Amino acid sequence: MKKALLKSVWMISLGIMSFQAFSQGVTTSEINGSVVTNDGETLLGATVVAVHNPTGTQNGTVTNSEGLFRLPNLNVGGPYTLTVSFIGYHTFTKKNVYIDLGQTFKINAALTPENLEIQEVMVVGSSVYQRDLFDGNRTGSETVVNKEKIETLPTLSGDLNDYLRFTPQVGFYGDGITIAGSNNRYNSLMIDGTVNNDVFGLASNGMNGGQAGVSPISVEAIDQFQVVIAPYDVRQSGFTGGGINAVTKRGTNTIDGSVYYKFRNESLAGKTPGDIEAGKEREKLPEFSAKQYGFT
């Protein structure tokens, strides 16, 4: 009896751990690439440092025997300043590097000997190396909406649906969202790596808070989000329709914020639909008001 009970507890624990690992999602980005000389020879042990300018955070590594480097688990957005240095060669610097959520940003650096005078360093997208035939900046069929787009694009309701319309494969039926023709029950919403689906299936839009007509999180709190349909990254899973993956804003070394206020009433909403053939004229809506305000 005791062995059976212990076995049951062990199986349940494994199930919980596997579910948690399955639901982690993606909340960071990555920079990788190669370092070679101007003659095309790989450099072993070159120092690569990426500095996140808003916070001053530094992430560094060295190249391997093939001249390759990888900087994982980077905060989304930017700008980043990437420097590549090696003894006897001029330092390679690339500024204003912005990375999207879940993206693997690829940078190939060519270093010139220090005793040569150069005017500029050019980084091009094409390469003769077999390992560069696949572009790391392409991570599958996806749409990325960064902080700048969120701040500038117009929205009527202030929820995620207004920004999902920029994905060609997204459609709407009532409050429901269909991605690539699949029912919204097969979509997945992840916020900072945590599942926020309507697991009981009560909301027509498939999200928490759908019955109340609100988003599961304020758009003001989101830094970036992406809509993925067939991602190359195996960490993004748990859906057969589409995945909506969002990350919230991070702190910086400077103090900033935002304040917003939205107002709507019957004068701004227009009139009721009319029917000319039936002789029904359009009428002004009954008196109402809707206010929304907040700050970050």
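None of the values given here were measured: they were computed from a predicted structure.
Note: the hydrophobic cluster containing Ile150 also contains Ile191 (ILVMFWY, side chain heavy atoms under 4.5 Å, direct or indirect links). If you chain together hydrophobic residues whose side chains sit under 4.5 Å apart, Tyr293 and Leu268 fall into the same group. There is a path of hydrophobic side-chain contacts, each under 4.5 Å, that joins Val35 to Val97. When hydrophobic clusters are built by joining Ile, Leu, Val, Met, Phe, Trp and Tyr residues whose side-chain heavy atoms come closer than 4.5 Å, directly or via intermediates, Ile229 is grouped together with Val145. Under the 4.5 Å side-chain contact rule for hydrophobic residues, Leu189 and Ile222 share a cluster.
Put simply, the side chain of Asn187 does not reach to within 4.5 Å of the side chain of Phe239, judged on heavy atoms. Phe105 places none of its side-chain heavy atoms less than 4.5 Å from the side chain of Ser29. You'll find the side chain of Val76 stays beyond 4.5 Å of the side chain of Asp100, heavy atoms only. Contact of the Asn265 side chain with the Leu285 side chain is not registered, since no non-hydrogen atoms from C-beta on lie closer than 4.5 Å. Considering only heavy atoms from C-beta on, Lys106 comes within 4.5 Å of Asn32 through its side chain. Residues Arg70 and Glu30 meet the side-chain proximity criterion, which asks for heavy atoms closer than 4.5 Å. Leu111 has its side chain within reach of Leu43: a pair of non-hydrogen atoms, C-beta onward, lies under 4.5 Å apart.
With sequence neighbours excluded, no residue satisfies side-chain hydrogen bond (donor to acceptor under 3.5 Å, both in side chains) with Ser188. Residues forming a side-chain hydrogen bond (donor to acceptor under 3.5 Å, both in side chains) with Asn53 (at least two apart in sequence, or on another chain): Thr81. A search for ring pair (Phe, Tyr, Trp, His ring centres under 6.0 Å) contacts involving Tyr80 returns His52, not counting sequence neighbours. Every residue meeting the side-chain hydrogen bond (donor to acceptor under 3.5 Å, both in side chains) condition with Thr254, not counting sequence neighbours, appears here in chain and number order: Thr252. Every residue was checked against the salt bridge (charged side-chain N to carboxylate O under 4.0 Å, His left out) condition with Arg264, not counting sequence neighbours, and none meets it. Evaluation of the ring pair (Phe, Tyr, Trp, His ring centres under 6.0 Å) rule for Tyr89 yields Phe86 as partners, not counting sequence neighbours.
Atoms CG and OG1, from Leu68 and Thr42 in turn, are 8.5 Å apart once rounded to the nearest 0.5 Å. In this structure, Asn75 CG and Thr57 OG1 are separated by 7.0 Å, a value rounded to the nearest 0.5 Å. With rounding to the nearest 0.5 Å, the separation of CD1 in Ile244 from OG1 in Thr143 is 11.0 Å. Of the inter-residue distances, the one linking Asn73 atom CG with Asn59 atom CG reads 8.5 Å to the nearest 0.5 angstrom. Going from atom CG of Asn64 over to atom CG of Leu44 covers 7.5 Å, rounded to the nearest 0.5 Å.
Taking both residues in full, the closest heavy atoms of Asp192 and Arg250 are given as OD1-NH1, 4.4 Å, listed atom of the first, atom of the second, then distance. Heavy atoms only, all atoms of each residue included: Lys147 and Gln224 are closest at N-CG, 4.2 Å. Across all non-hydrogen atoms, the minimal contact from Asn146 to Lys149 is OD1-N, 3.0 Å. When all heavy atoms are compared, the tightest approach of Thr296 to Ser258 is OG1-OG, 2.6 Å. Closest of all the heavy-atom pairs between Asn253 and Gly56 is ND2-N, 3.9 Å. Of all heavy-atom pairs between Ile107 and Leu82, the closest is CD1-CD2, 3.5 Å.
Here the side chain of Asn38 pairs no donor or acceptor atom with the backbone of Thr112 at under 3.5 angstrom. Side chain of Thr63 to backbone of Gly45: a donor-acceptor contact under 3.5 angstrom is found. A donor-acceptor contact shorter than 3.5 Å is absent between the side chain of Asp223 and the backbone of Val247. Proximity of a side-chain donor or acceptor of Ser218 to a complementary backbone N or O of Glu220 within less than 3.5 Å is detected. For Gln58 (side chain) and Val51 (main-chain N/O), no donor-acceptor pair under 3.5 Å exists by modelled atom type. At distances below 3.5 Å, at least one donor-acceptor pair connects side-chain atoms of Glu266 with backbone N or O atoms of Phe288. Looking only at distances, no side-chain donor or acceptor of Asp39 sits under 3.5 Å from a matching main-chain atom of Glu41. A donor-acceptor contact shorter than 3.5 Å links the side chain of Gln226 to the backbone of Leu101.
No more than 12 heavy atoms of other residues, nucleotides or ligands shown are found within 6.0 angstrom of CZ on Phe295. Counting non-hydrogen atoms of neighbouring residues, nucleotides and ligands closer than 6.0 angstrom, the OH atom of Tyr261 exceeds 12 such neighbours. Within a 6.0 Å radius of NZ in Lys271, no more than 12 heavy atoms belonging to other residues, nucleotides or ligands are found.
A donor atom on one side chain and an acceptor atom on the other are found under 3.5 Å apart for Ser34 and Asn108.
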Please test Val62 against Val48 for side-chain contact (heavy atoms from CB on, under 4.5 Å), starting from the C-alpha separation and ending with a verdict. CA-CA 6 Å; Val62 294; Val48 183; over 6 Å; no
* Asked: After noting the C-alpha distance and the side-chain angles of Thr83 and Thr91, does the key distance pass the side chain to side chain donor-acceptor pair (under 3.5 Å) rule?
  -> CA-CA 7 Å; Thr83 58; Thr91 300; over 6 Å; no
